[in-house]
Amino acid sequence: MNFQSFGVMIGMKMAIVTVLGGGLSAIASMPAQASSIAGKTFAFHGSASLLSETDATTVLDFLPSYYAPTNDGQASVAFSSEIGAYQQQFMLKDIPLVKTLTGWSLTGGNLAWITDPGLVTYTLTAFNLSKTVTGFEAMIDGIFSPENLGTVDGYFSSQKKLATIKGTSFSADFMAMDKAIDQIAVPTPALLPGLIGLGATIVRKRRNHTIAA
Amino acid sequence: MKNVFSHVTQVGLTIMVTASIAGVISPQSAQAAILAGSQIDFVGRAEAEASFVDFEELIQGFPISDQAVFALSSSGSFAPITSSFLSRVGFIQDTFVPSSPTANWLTFGLYTSSSSDNFTFNLTSIIADVSGGRYNLTGVFQDGTAGIGEITTQIIGAGTRSFSGTLTAVPTPALLPGLAGMAVSVWRRRKRAATPEPITA
């Protein structure tokens, strides 16, 4: 039985190596795909603390992450994200908040929340936090650059313990959209049949021209 | 002769009783009781609906294909859970909302050889708030310590979302009636002591 569980352990460790290897190669191929985030989901998690529930101004403090226990504000791309690689790490800036009638809102203007050249740059334009029966929820709005894409249905959620110094875990999901067309952008592969059709037409026209001459 | 026999029987019984007590206690005494206030924070992926939560894999086929959670931080008795990458991986069962009590609903330590990171949470109730996708949890850890917590996720329509969750150990409610009873009896005794004895002629 010990041998069996040992075998399983080795199997799992190999799986980790494979997965991590896959993650690294995905990171390496990221810049080439930099123009393809339109319509994709950005999902991540980390640890955070809402420093005060009563003060007129407070801060949503992002805490050290599990891979960088001493690196304050480190978050991780969640396992399912379409933007970023498996467990890719990046920094989140703490969010300054002002108390409102319904909760808390981003104060001090737009915030360069995520500035990771290897992943994505995201400028926060709105972060409206409110208290729920189970904890806290926030609506996220902002701009992905350099593509200048807006956000579709951006949400952050956490548990009651967010309002403690020790904090707790949170998760966030949002989608990049194309503000110019005011809807989720059509992925580039959809353009390919059109281009092929155009190419075929040109070839046909040329051939007709050659035959005529 | 009879005495010797009964004595032997007595010794045998004592051994049996001791053995059975040890058998009952030792799985728990191998680990100290879970300290109240101990906290475990975890994340994962789920399709969260008002009446059902479908927990998903963290990543395809790793290290368990489905129903996985990953511990981000821990404190108190739960500290060993975040001691290694594998000890952070837990197993969580899909559940209806509200649920009937579910044994071993959330388990840590299944994928490590150490026993110090073995923790089991038996779910007593999971209740969605009005909109679903966010749930209040109550239950009991393996040593009888009560636990409360929440799971929250993003409510942006159907589909798999990332979620985060917290469980906190709280003083066992079962002990409270006992403590209350003790307080009442102490109070009664004091009252009796304060009342002068009736003088009988």
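Letters A, B, ... are given to chains in the order of the sequence lines, protein chains preceding strands, and every chain is numbered from 1.
Of the atoms belonging to A:Gln159, heavy atoms from both backbone and side chain fall under 4.5 Å from chain B. If you measure heavy-atom distances from A:Phe174 to chain B, you find no contacts under 4.5 Å at all.
Between B:Phe141 and B:Phe78, the ring planes lie tilted relative to each other; the angle falls in the 30° to 60° range.
In the model, A:Thr168 has a side-chain atom that pairs as donor or acceptor with a side-chain atom of B:Asp41 under 3.5 Å.
For the set A:Gly167, A:Ser47, A:Ser171, the count of heavy-atom pairs under 4.5 angstrom toward chain B peaks at A:Ser171. For the set A:Ser158, A:Gly135, A:Gly154, the entry with the most heavy-atom pairs within less than 4.5 Å of chain B is A:Ser158. In terms of heavy-atom pairs under 4.5 Å with chain A, the best-connected choice from B:Gly165, B:Ala71, B:Ser73 is B:Gly165.
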Quiz prompt | Check against side-chain contact (heavy atoms from CB on, under 4.5 Å), B:Arg134 and B:Glu150 | solution = CA-CA 7 Å; B:Arg134 303 186 297 233; B:Glu150 309 89 36; over 6 Å; no
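The shortest heavy-atom contact between B:Ala128 and B:Ala50 is CB-O, 4.0 Å.
Between B:Ser99 and the options B:Leu123, B:Leu137, B:Val53, a side chain to side chain contact (heavy atoms under 4.5 Å, CB included) holds for only B:Leu123.
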